[in-house]
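Take a look at the structure set out below.
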Number of protein chains: 2
Amino acid sequence: MNIYRRLPKQETQTERHRGDNLNILIDNKSGAPIYDQIYSQIKSQIISGALDENEMLPSIRGLAKDLRISFITTKRAYEELEKEGFLYTIPGKGCYVAPKNVELLREENLKKIEEHIEEIVKLAVTCNLSKQDIIEMVNFSMEEER
Amino acid sequence: MNIYRRLPKQETQTERHRGDNLNILIDNKSGAPIYDQIYSQIKSQIISGALDENEMLPSIRGLAKDLRISFITTKRAYEELEKEGFLYTIPGKGCYVAPKNVELLREENLKKIEEHIEEIVKLAVTCNLSKQDIIEMVNFSMEEER
DNA sequence: ATAACTGTATATAATGAATATATACAGAAG
DNA sequence: CTTCTGTATATATTCATTATATACAGTTAT
């Protein structure tokens, strides 16, 4: 695994280890919680395909050691990812990238879309916009879509 | 002003006082902060037209006394409403319902709605949702609206 | 002018959720 | 059995939110 900027070292590695494909960079100035940075970065690397299905991820303790944080923090990131179905865990063994689940991503996006729609409904009510008005706006914005 | 359920009393009132048209009911079990409950209820009564333009609202101290809370809490609600243009304040005198600026409110909300729709479009594209799918979701969420 | 109202400004206390942790426990692998 | 792996529970810390008291300043009517 590549932590911070210790990338060059990897060039000379001959053996492959668990988590070698994972890159994590913690930005202390970002304001985002550590567990969330880990969560997001792993998630996007899983979605992008940078990590293979069923590939073993670094252990929560190993990753924590490299990042010099408590393993409970890495655990929290992994937990979140597992809850969302992006990885699976075998206690005593390790954590693995879950097979890609298109439906899962769809569900996630649907949830986000619902949230946006909720906001829109609130706004529409306060300025007396009708359902039809909103639908027309959507129609307009998605003209190019089918 | 009508606080809690002391509504019947109003029936016998002959004189009109500032804030007589305002109804506030604080629900301690709701979980919503007090200032927010006040804010929301006044806002909706202004938008609905239950309160007239330039009508004097109860003083932050008077309202606070009736609600048996600190006047700083009522002030916070009023502050928020003023920031959003729903009321205006004359220091030393009182707070008044702002003249309805329907166009401004509408324009602001339209802009926000457009932004939400843009986000929705992005999400819809990445998970192959059709325009019709989105419209159906909007329809569902706005079932009760006209 | 002065009492009794209005709103304002600043500093402070209380609460609670979010974040990160240590420590003790249990399964897997060599 | 030693050393990995993940798990569970209890705890500390931090920080934004919420609510407050107190001192200040403008307005109004007596």
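Lettering of chains follows the sequences in order, A, B, ..., and the numbering in each one begins at 1. Note that this is a predicted model, so its numbers are computed, not measured.
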Distance in Å, I46(A) CD1 paired with L22(A) CG, rounded so as to fall on 0.5 Å steps: 8.5 Å
Nearest-nucleotide comparison on DNA chain C, the residue closer to the 5′ end among S70(A) and E82(B): E82(B)
Between dT18(D) (P) and E79(B) (CD): distance, integer Å: 14 Å
Nearest-angstrom distance from the residue atom CG of N28(B) to P of dT18(D): 15 Å
Full working for side-chain contact (heavy atoms from CB on, under 4.5 Å) between M142(A) and I135(B): CA-CA 10 Å; M142(A) 292 191 78; I135(B) 287 174; over 6 Å; no
Sugar-phosphate only, base, or nothing, as touched by F71(B) at under 4.0 Å among non-hydrogen atoms: base
Short side-chain N/O contact to dT8(C) OP1/OP2 from K75(B), under 4.0 Å: yes
Atom-to-atom span, CG of L57(B) to C1' of dG7(C) - whole angstrom: 13 Å
Closest to the R76(A) side chain, choosing from dT8(C), dT19(C), dT22(D): dT19(C)
Interatomic distance where CD1 belongs to I34(A) and P belongs to dT13(D) [whole Å]: 16 Å
For atom CD1 of I69(B) and atom P of dT18(D), their distance in whole Å: 14 Å
side-chain contact (heavy atoms from CB on, under 4.5 Å) between L67(A) and I38(A), worked out: CA-CA 10 Å; L67(A) 294 174; I38(A) 298 169; 3.8 Å; yes
Separation of dA28(C) P from R61(A) CZ (nearest whole Å): 15 Å
Shared hydrophobic cluster for V138(B) and I117(B) (ILVMFWY, side-chain gaps under 4.5 Å): yes
Phosphate-side-chain proximity, T73(B) and dT18(D), N/O vs OP1/OP2 below 4.0 Å: no
dG6(D) OP1/OP2 closer than 4.0 Å to side-chain N/O of T89(A): no
Nearest-angstrom distance from the residue atom CD of E80(B) to P of dT8(C): 14 Å
dA29(C) phosphate, OP1 or OP2, under 4.0 Å from K93(A) side-chain N/O: yes
Residue whose closest nucleotide on DNA chain C lies nearer the 5' end, P91(A) versus I72(A): I72(A)
